[in-house]
Amino acid sequence: MTTTANSPFPTSSVSPATPAPAATAINDAATKAGDAVDKGAAVGHDVLNRVVQGAHSAIDRMAETAAPAVQRVQDGVQAAGEALSQRASDARELGDEWAESLRNTVREHPLAAVATALAVGVLIARLAR
């Protein structure tokens, strides 16, 4: 090593423009590793795309299978709702018919209606004790 008059640090006779053999090997290894990472990333991207496409097609198949079942359930619920509404309407009509019949009976036989009401009242009072 030599020292120059202007610099207190020793200098090397090796030119900085010429890389050392170890540095060249490291650079080559880093380049190869970078290429391998790039290839691995590309393969990983392709695998991910295939997985995503497979998931999309599986979801599409499930949706196609589920749609008719959902429609059947929806139709069944609608039919049940309509039937329940019809039965409620029928029950209201029957109740109205019974109430009208009871009114007519009370109008035709008022004394019997009062006696019946009194008997029912006494019976409920005895049961309540």
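Index from 1, following the sequence. Source: prediction; values computed, not measured.
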Open item on the list: Applying side chain to side chain contact (heavy atoms under 4.5 Å, CB included) to Glu108 and Thr105, what does each step give before you reach the verdict?
Closed with: CA-CA 5 Å; Glu108 291 173 5; Thr105 302; 5.5 Å; no
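More than 12 heavy atoms of other residues, nucleotides or ligands sit less than 6.0 Å from atom CG of Leu94.
Sequence neighbours left out, the pairs with a member in residues 58-72 that pass side-chain hydrogen bond (donor to acceptor under 3.5 Å, both in side chains) are Gln71-Asp75.
Taking 4.5 Å as the limit, every side-chain heavy atom of Gln74 sits out of range of all side-chain heavy atoms of Val77.
Counting only N and O atoms by type, the side chains of Asp90 and Gln86 include a donor and acceptor under 3.5 Å apart.
To the nearest 0.5 Å, atom CD1 of residue Ile124 and atom CZ of residue Arg129 are 14.0 Å apart.
Under the 3.5 Å distance criterion, the side-chain polar atoms of Ser85 are left unmatched by any main-chain donor or acceptor of Gly81.
Checked against salt bridge (Lys or Arg N to Asp or Glu O under 4.0 Å), Glu100 has the following partners two or more places apart in sequence or in another chain: Arg103.
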